[in-house]
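Each remark here refers to the structure printed beneath this line.
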Amino acid sequence: MKIYRDYDDLPKIELPYGQEVSISDSTIRDGAQMPGIVMKSRHKVQIYEYLHKIGIEKLETFVYNERDRKAIRLMQDKGYEVPEITGWARANPADIDMVLNVDGIAETGILMSVSDPHIYDKMKLPNREAAQEKYLNALQYAVDHGLRTRAHIEDMTRADNYNFVFPLIEKILEIDPDCTIRICDTIGYGIPFMNVDEPYGIPTIVKYLKNELGAKNIETHCHDDFGLAVANSLAGFWHGANWSNVTFLGVGERAGNAEMEKLLVFLKRRIKGFEKYDLTCLVEFAKFMEKEIGIRIPRNKSVVGQNVFAHESGIHTAGVIKNPFTYEPYPPETVGGQRNFLIGDSSGIEVLKFKVQETLREVMDAQIEIDKNDKRLRSIQADIQRLFNEEKRVSCISDEEIFAYVKKYFVYNPLVNKTMHRTEEEEEEICENVTENKTRGIKPRMHDEVD
C-alpha cells in the first residue's frame, strides 16, 4: 500500500528521453522590451547575479548601444562561469560584427523570421527564397568568424514548416551541425498536445527536428498570448528538446514569455534529476523586480505571489498547522518564501489560537500554550466575527490588531499569576512597556508564573 503523507513520499516523474535539459534566459533581452519598463545597467547586473545564484546556464542580451555593452562588461567583471553571456543579432553581417566586437562573447542568436507576414510584410522581401538566402548567408558569416550559433526561427507556429521551414533548417544544420534550433512560438499559437500537426503542434515540431533532421540542440521560446507558454515549454522537453528560453516572471512583449520560476519549480519538485538549480532566491528576485523594475506581481501568482503560502480559511489553516503537506505543494523555503496565517471571515478557532500563541511568544519570549476553549480566546473570536457580521469588515485582521486583542484579553486580563500583588498603576505601566517594546521590536522577558 502506498502512503503519501509527506513531500518525499510522492514519486517524481522522468523525462521520456532522459536527456540533459538546460535553461537560457531572455529577461534582459526580450523581457526588456516589455512596454513601460526600463532596465538600467545596474538592473541587468543584479538580474545576472540572481541568475547566477539559481544556476541558469545562459542568458542573451542585445549589443546595439553603449548601455548594452556597459552592462555586459559589468557582468563579465563578476567572473562567473554561468550564466554564459550570449549575443543576439538580426540576419545581417553588420549586426554580427557588433557581437564580434564585444570581447568574451562566443555565441549569438540570429533572427530568422519564417512566417509569410514577417517575410513579405515586415521585411518586404520578394519571396521565401530571398529570406532563405539572407538567413543562410548571415549564419555562414557568424560561423566563419568563429561564433557558436542559435537560429531563432521566428513565428514558426504560423509558418509553412514542411514546404519552407524544415528545408531551411536542414540547410542551417549543414552549415552548423551544432546550431541550436530555437522554435519561436512568437504569438503563442503553439499547442502542447500530441498528434497536433504543424504549424501548431510543439511535440510534432520537436520530434521532426530531432528524428527527421537530426538536430542536436533544440530550444523552445514560447510566448503566453493563449496562456500556454509554460505548458509548451514542458512539451518541448517532453518530446526531446534540450533547451528552453524563458524570462523571469514571464516579462516580455504583450502577454510575455514562459515564466522561468514556474518551469524551474516544476523541474526541481516534480522531475527526477534537477537538483542543480537553487531556487531559494526566487521570492527575493521577484521583490527586486517589483521594486526596481516596476513589475506588478499579483498576490496569487504562482511561486512568488504573496498568497502562495498564505492561509485564511478554517479548513486549510487547520490542515497546514497540523501538517503543511496537507495544503502546500512544496515547503516555502524551497523558493525563499514564508508561511503566513491570516485571520478573515472564514478563519476558525485553530488559526486564531495559533496567531494568539505566536503573538504571546513574541511578546513574552516564552513558549505558551492556550486551550482552544479558553474564554479569552473565544472573546477575541467573538469580537472578530462581530467585525465581519455587524460592521461589514472586508479585509483580514492584521497582526497589529491581533496584538491589540492579545493586550486587551491576555494582558489587561492577565495571563500571569498575580502572586506579586501589583497595583493597578504597576499593571498599567507593564502594559505600556509591552506596547512600546512591540513597536520597537524588543522582546521583553517576563518571569512570572504562567497559568
Side-chain angles (χ1 to χ4, degrees), residues 17 19 21-22 24 26 58 60 86-93 95-96 107-120 122-123 125 127-144 147-187 189-192 194 196-223 232-233 235-245:
Y17 288 92
Q19 76 276 30
V21 304
S22 302
S24 65
S26 192
K58 292 182 183 180
E60 61 183 6
T86 70
W88 189 93
R90 293 168 297 185
N92 64 65
D95 272 29
I96 294 168
E107 177 179 314
T108 189
I110 301 174
L111 182 64
M112 302 181 182
S113 306
V114 293
S115 67
D116 291 331
H118 282 253
I119 292 171
Y120 292 102
K122 182 183 77 173
M123 301 175 67
L125 293 172
N127 48 51
R128 292 175 176 177
E129 290 72 25
Q132 176 176 282
E133 181 180 3
K134 178 180 179 66
Y135 302 152
L136 295 179
N137 286 341
L139 181 77
Q140 187 69 63
Y141 186 84
V143 170
D144 288 345
L147 289 171
R148 287 182 277 113
T149 62
R150 294 188 314 273
H152 293 201
I153 313 299
E154 186 181 26
D155 209 15
M156 192 173 181
T157 51
R158 295 195 305 172
D160 184 357
N161 289 311
Y162 287 116
N163 292 309
F164 173 56
V165 183
F166 290 147
L168 168 65
I169 293 173
E170 190 170 12
K171 292 180 175 64
I172 289 171
L173 295 174
E174 289 173 2
I175 295 172
D176 183 1
D178 295 319
C179 179
T180 298
I181 305 301
R182 176 178 288 186
I183 302 166
C184 296
D185 184 23
T186 304
I187 310 295
Y189 268 66
I191 297 294
M194 294 179 63
V196 175
D197 204 355
E198 68 90 31
Y200 306 136
I202 298 296
T204 297
I205 292 172
V206 171
K207 287 191 289 185
Y208 194 93
L209 293 176
K210 183 179 179 65
N211 300 329
E212 303 300 324
L213 301 183
K216 299 177 185 177
N217 298 299
I218 303 170
E219 180 178 60
T220 56
H221 172 90
C222 301
H223 281 262
N232 282 324
S233 300
F237 284 153
W238 228 253
H239 295 278
N242 58 335
W243 285 90
S244 185
N245 182 251

* Take Trp88 and Arg90 through the test side chain to side chain contact (heavy atoms under 4.5 Å, CB included) and record every step on the way to the result. => CA-CA 7 Å; Trp88 189 93; Arg90 293 168 297 185; 4.1 Å; yes
* Any chance you could lay out the side chain to side chain contact (heavy atoms under 4.5 Å, CB included) test for Glu154 and Lys122, step after step, and finish with the verdict? => CA-CA 12 Å; Glu154 186 181 26; Lys122 182 183 77 173; 2.9 Å; yes
* Does the side chain to side chain contact (heavy atoms under 4.5 Å, CB included) test come out yes or no for Asp116 and Arg128, once each step is laid out? -> CA-CA 8 Å; Asp116 291 331; Arg128 292 175 176 177; 3.0 Å; yes
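Phe237 contributes atom CZ, which lies 9.0 Å from atom CH2 of Trp243 (distance to the nearest 0.5 angstrom). Of the inter-residue distances, the one linking Asp95 atom CG with Ile110 atom CD1 reads 10.0 Å to the nearest 0.5 angstrom. For the atom pair OG1 (Thr149) and CG (Asp178), the distance works out to 8.5 Å, reported to the nearest 0.5 Å. The line from CD1 of Ile175 to CG of Leu136 is 4.5 Å long, rounded to the nearest 0.5 Å. Between the OG1 atom in Thr220 and the CE atom in Met156 there is a gap of 12.0 Å [rounded to 0.5 Å].
Between Tyr208 and Tyr162, the angle of the ring planes goes over 60°, which puts this pair in the perpendicular group of the 30/60° scheme.
Here Arg148 does not pair with Asp176 in a salt bridge; the nearest charged N to carboxylate O distance is not below 4.0 Å. For the pair Glu60 and Arg182, the salt-bridge criterion is met [side-chain N within less than 4.0 Å of a carboxylate O].
Not a single donor-acceptor pair under 3.5 Å links the side chain of Arg158 to the backbone N or O of Val114. Of the possible polar contacts, one joining the Thr204 side chain to the Val196 backbone as a donor-acceptor pair under 3.5 Å is found. Without hydrogens or angle criteria, Asp185 side chain to Gly190 main chain gives a donor-acceptor distance under 3.5 Å. Not one N or O on the side chain of Asp155 forms a donor-acceptor pair closer than 3.5 Å with the backbone of Ser115.
Nearest heavy-atom pair, Leu125 versus Lys134, reported as atom, atom and distance to 0.1 Å: CD1-CD, 4.4 Å. Nearest approach of Phe164 to Ile119, heavy atoms of both residues: CE2-CD1, 3.7 Å.
In Glu133, the CD atom is not crowded: 12 or fewer heavy atoms of neighbouring residues, nucleotides or ligands sit closer than 6.0 Å. Environment of CZ in Phe166: crowded, with over 12 heavy atoms of neighbouring residues, nucleotides or ligands closer than 6.0 Å. Tyr189 OH: 12 or fewer foreign heavy atoms inside a 6.0 Å radius.
Using a 4.5 Å heavy-atom threshold, the side chains of His239 and Met194 count as touching.
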